[in-house]
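As structure tokens, the structure follows; a few thoughts come after it.
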Amino acid sequence: MSNERYNAKVVEPKWQEAWNAAEVFRAERDEREKYYVLEMFPYPSGRIHMGHVRNYTMGDVVARYKSARGFNVLHPMGWDAFGMPAENAAMEKGVHPGDWTYKNIDDMRAQLKPMGLSIDWSREFATCDPEYYGQQQAMFIDMMEQGLVYRKNAVVNWDPVDMTVLANEQVIDGKGWRSGAVVERKELTQWFFKISEYSEELLAAIDGLKDWPEKVRIMQANWIGKSRGVEIDFDMTEAAYGVEVVTCYSTRPDTLHGASFLAISPDHPLAKALEADREDVAAFNIEARKGGTTEEAMEKAEKLGFDTGLTVHHPAEDRALPVWIGNFVLMEYGTGAVFGCPAHDQRDLDFARKYDLMVRNAFFVPGDDTDVGREALVPEKTLKVSYVNHFAGVTDASAEDAINTTIDWFVAKCKGRETIKYRLRDWGVSRQRYWGCPIPVVHCDSCGVVPEKKENLPVALPKDVSFETPGNPLDRHPTWRDVPCPKCGKPAKRETDTMDTFVDSSWYFARFTAPRAETPTVMADAEYWMNVDQYIGGIEHAILHLLYSRFFARAMHMTGHLPPTATEPFNALFTQGMVTHETYSTPGKDGRPVWRTPDEVRLMEAGAELIATGEAVDVGPVIKMSKSKKNVVDPEDIIDQYGADTARWFVMSDSPPERDVEWTASGAEAAWKHLQRVWRLTDEAVQTVIGQEPSADEALALQKATHRAIQDVTDGIEGFAFNKSVAALYQFTNTVAKSKAGRAAKLSALKTMAQLMQPMTPHLAEEVWAATGGEGLVAQAPWPKVDPALLEDDTVTLPIQINGKRRDEISVSKDLDKAALEALALENAAVQKALNGGSPKKVIVVPGRIINVVV
RNA sequence: GCGGGCGUGAUGGAAUGGUAGACAUACCGGACUUAAAAUCCGGAGGCCUUAGCGCCGUGCGGGUUCAAGUCCCGCCGCCCGCACCA
């Protein structure tokens with residue numbers, strides 16, 4: 001016996017070279033049915049992490065499996081390469097964002113390749129390649145022509161020191177995260193995509209996304225936020241500032257009887273007219289507009305109101321309502337004005353209590369239409385029939401029916417219109433930054449906004465920029481910025497805004513189908529490869545990235561860059577869980593914990609200690625691997641120590657793919673031991689001297705176990721339950737190890753095992769395949785077929801229940817019919833005892849499953 | 001507040017309404033070894049002055065069913081998403 005250890009360091013590069021030499025993963029259009037697998041492409045931070053390993057291994061399992069199943073598989077890889085970290089690095093280290101990014105891509109590719117992923121690297125690109133973003137600019141121009149792009153003024157967070165626009169998450173306590181300067185709200189003219197025009201379409205099409213997680217579908221639907229209601233006109237008792245009518249939007253018009261005031265936004269036209277005239281209003285509005293746009297700020301902000309002294313008529317009753325300005329009313333939603341119904345809305349109640357406004361019950365309680373007490377009533381849980389319903393003739397109904405009836409009643413009786421509103425806003429894509437895709441337009445004094453000529457694309461980023469002065473370097477780059485107008489040729493200026501990086505990632509999946517084309521896509525390629533059959537990535541992209549991509553697929557169809565069959569980009573979506581790890585810390589001087597990496601810590605039976613000093617270590621909760629808590633394990637170290645197959649096997653085992661998986665040293669060790677064991681079994685089988693007496697029974701048993709394994713591993717992969725496939729392979733390995741079958745039978749079992757392991761541990765699989773006499777590469781071998789006859793045993797063990805409790809079991813031939821099984825069960829000693837001479841009330845026989853005797 | 005999900009051994013987790021705890025980790029015992037590692041074999045949900053053909057057991061309380069971790073109703077706990085959205 002050679003008892004040679006499996007050496008991943010030697011074996012893995014060997015097979016990777018063999019795959020490359022045979023161009024096994026090269027995807028070309030052909031006669032076969034296609035299958036497009038895609039994992040969300042990475043941002044080139046410079047290092048791969050365990051989350052990448054898990055994400056790409058899942059995709060690789062699917063890709064290799066589908067390939068074995070006879071599909072023509074497309075499995076590409078690229079880089080989401082524009083974005084702020086490159087500019088931050090430029091400012092901190094003085095490197096050019098492009099140099100920094102391409103260096104990171106090289107580093108990450110070098111870390112990724114040893115994983116042995118079945119990727120067609122010939123299709124690789126980065127979104128910061130001018131060949132990519134130039135095509136994106138072409139599409140931008142096409143979208144302008146289709147009316148999908150427009151400019152408008154929008155308020156942004158402006159950092160006056162860094163001279164830059166900040167995203168909400170970059171504003172901390174009202175200050176810029178980098179400069180610490182107090183953030184100002186500034187109005188800028190910005191570019192928008194008309195995604196809101198697709199609100200209904202994007203919402204309705206969610207129903208067709210059958211293979212998306214329910215959770216993501218709900219999140220998208222909520223984000224689009226469709227609501228049905230009524231716009232109600234409130235006539236002013238006396239026109240003021242030319243305003244005669246204030247229109248409110250309401251989804252609960254049935255509470256109109258409870259209306260006791262109107263509240264308008266400080267940005268409502270009426271409020272603005274008042275503020276121009278009256279200093280007290282102006283002062284209030286300044287106060288009311290303060291406060292950040294973050295959730296936290298909104299939560300804490302106090303309700304502020306200002307009584308304008310103006311009044312409106314109640315549309316259905318003979319009384320007047322005061323008009324207030326309220327800081328809680330958003331101009332961006334509805335009409336910027338609401339009627340307050342304090343009796344049935346906590347927010348309105350708070351406001352009414354503070355300013356001593358009337359609280360009127362809108363619901364039908366005879367003899368009680370005044371005050372309802374401290375808490376607002378919730379209509380659904382109390383009374384379903386509002387006064388308005390009552391007037392409309394509804395006596396009892398669900399809240400939804402009541403609202404529908406009321407809307408009809410309203411439109412007939414009052415000045416109101418049924419209205420559908422969406423929460424989804426247009427997508428602002430302007431970023432005042434350098435490291436992004438330049439918006440390909442020119443501003444000309446004579447011609448206005450002019451798109452760049454397509455033959456001049458790409459509008460490439462200039463290389464000679466400096467980040468020493470704050471602000472957008474494009475803005476102060478005269479030779480790049482000052483260009484002739486594409487239309488009239490007079491001196492003009494380029495747009496210096498670049499696009500949101502979400503634009504880059506909204507169509508990369510389509511570009512992979514023809515990555516080197518001179519147009520954004522090639523119709524024949526898009527028709528063949530689109531849609532993505534299986535998309536895999538993190539839940540954190542459940543809304544924005546996926547919604548933008550869905551919008552883009554439609555926009556690309558409209559501009560002729562995708563066929564109508566590809567309006568939905570991703571047929572199936574899978575959102576994988578995170579890789580987690582325990583956290584380790586030692587007490588720091590200031591009482592705050594000093595985080596320690598797993599490398600620094602020795603785990604003991606109770607507790608843990610620092611390897612270097614023996615100092616006691618606190619073992620903290622298991623959380624997502626993150627640099628700040630130092631609970632990270634570098635995939636490169638694991639691959640170095642154990643090989644890629646071990647890392648791949650570990651991240652596929654134990655936890656279901658949609659849940660978090662905890663990385664543990666013992667788990668990694670176990671994965672490695674298992675792979676060693678498989679190799680040892682193979683080696684032993686190969687070294688077995690022929691001439692022993694093989695047992696036919698043993699060979700058959702092994703064959704049956706093989707087919708059971710084929711079935712279970714297949715089910716696991718098909719059901720996206722890779723942990724079950726792994727468990728089935730463990731079980732199969734145990735069976736092979738214990739089997740007394742002869743050499744040929746064992747080699748045959750191991751050869752099938754190689755095929756079943758191939759999606760998860762491709763290198764070891766090749767080695768086992770070669771050793772057991774497999775032809776060619778197992779990566780190109782077809783998936784093994786199950787023989788259903790071998791899944792069944794001739795005898796089965798059936799539990800016998802008495803009154804539903806298991807009391808005994810019998811071993812019977814699988815062919816016995818119900819009557820025979822019943823007879824056997826009644827003869828059973830335990831049953832006899834329970835019957836005590838009597839006869840059973842009932843006997844339930846489920847052949848192959850169970851026998852239950854009811855006494 | 002609204003919406004969604006999840007509660008099973010020490011741990012990660014299995015289980016078309018049909019033998020709960022597959023598989024793995026950690027643990028315990030044995031073999032091999034001078035010893036350790038590696039490897040191999042075995043044990044293991046809980047309870048019991050009755051060790052059995054025993055009783056109990058999938059967050060808690062009810063229900064449906066011959067049969068419930070699984071279905072229904074009501075609680076409790078945890079996690080996630082959204083939210084001055086009218």
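Numbers restart at 1 for each chain; the letters A, B, ... are given by sequence-line order, proteins then strands. Remember, predicted model here, so these are calculated numbers, not experimental data.
- Nearest nucleotide to the A/A670 side chain, out of B/A24, B/G13, B/C85: B/A24.
- Nucleic acid contact for A/K738: sugar-phosphate only, since backbone atoms but no base atoms lie under 4.0 Å from a heavy atom of the residue.
- Distances shorter than 4.0 Å separate some side-chain N or O of A/R680 from OP1 or OP2 on B/C40.
- Of the candidate nucleotides B/G4, B/U39, B/C84, B/C84 has the atom nearest to the side chain of A/N327.
- In this structure, of B/A26, B/G3, B/C23, it is B/C23 that holds the atom nearest to the side chain of A/Y730.
- Within 4.0 Å of A/K841, counting heavy atoms only, lies no atom of the nucleic acid at all.
- Two rings, from A/W649 and A/Y730, have their centers less than 6.0 Å apart.
- Residue A/T797 is in base contact, counting any heavy-atom pair closer than 4.0 Å across all strands shown.
- If you check every strand for non-hydrogen atoms under 4.0 Å, A/S653 touches nothing.
- Nucleic acid contact for A/V329: base, since at least one base atom lies under 4.0 Å from a heavy atom of the residue.
- Taking only side-chain atoms of A/A727, from C-beta outward, the nucleotide of B/C23, B/U19, B/C40 with the closest atom is B/C23.
- Glycosidic conformation of B/G9: syn, with the torsion inside 90° of 0.
- In this structure, A/F351 has its ring center under 6.0 Å from that of A/W324.
- Which of B/A20, B/A24, B/G13 sits closest to the side chain of A/R806 comes down to B/A20.
- Residues A/F261 and A/Y355 keep their aromatic ring centres 6.0 Å or farther apart.
- Both distances falling under 3.5 Å, in either a Watson-Crick or a G-U wobble arrangement, place B/G3 opposite B/C80.
- Place A/A728 and A/L798 on RNA chain B by their nearest nucleotides, and A/L798 ends up nearer the 5' end.
- Taking the side chain of A/K215 as heavy atoms from C-beta on, and the options B/C80, B/G42, B/G3, the nearest nucleotide is B/C80.
- Salt-bridge check for A/R217 with A/D207: failed, with every basic side-chain N at 4.0 Å or more from each acidic carboxylate O.
- Across all strands shown, A/K673 has heavy atoms under 4.0 Å from sugar-phosphate atoms exclusively, and none from any base.
- The residue A/Q801 sits close to a base: some heavy atom pair falls under 4.0 Å.
- A salt bridge links A/E231 to A/K421: at least one charged side-chain nitrogen sits closer than 4.0 Å to a carboxylate oxygen.
- Between the side chain of A/K724 and the base of B/C23, no donor-acceptor pair of N or O atoms lies under 3.5 Å.
- Of all nucleotides listed (B/U19, B/C66, B/A14), B/C66 comes nearest to the side chain of A/K842.
- Among B/A67, B/G3, B/C84, the nucleotide with an atom closest to any side-chain atom of A/N852 is B/A67.
- When distances run from any side-chain atom of A/L330 to the nucleotides B/C85, B/G18, B/A14, the shortest one goes to B/C85.
- Within the 4.0 angstrom heavy-atom criterion, only backbone atoms of the sugar-phosphate kind lie near A/N723; the bases stay farther away.
- Using cut-offs of 30° and 60° for the angle between ring planes, the A/W679 and A/Y6 rings count as tilted.
- Contacts of A/R425 with the nucleic acid, taken as non-hydrogen atoms under 4.0 Å apart, include base atoms.
- Closest to the A/K303 side chain, of the nucleotides B/C84, B/U39, B/A26, is B/C84.
- Of the residues near RNA chain B, A/M331 and A/I218, the one whose nearest nucleotide (by heavy atom distance) lies more toward the 5' end is A/I218.
- Taking atom C1' in both B/G18 and B/C28, one finds a spacing of 34 Å when rounded to whole Å.
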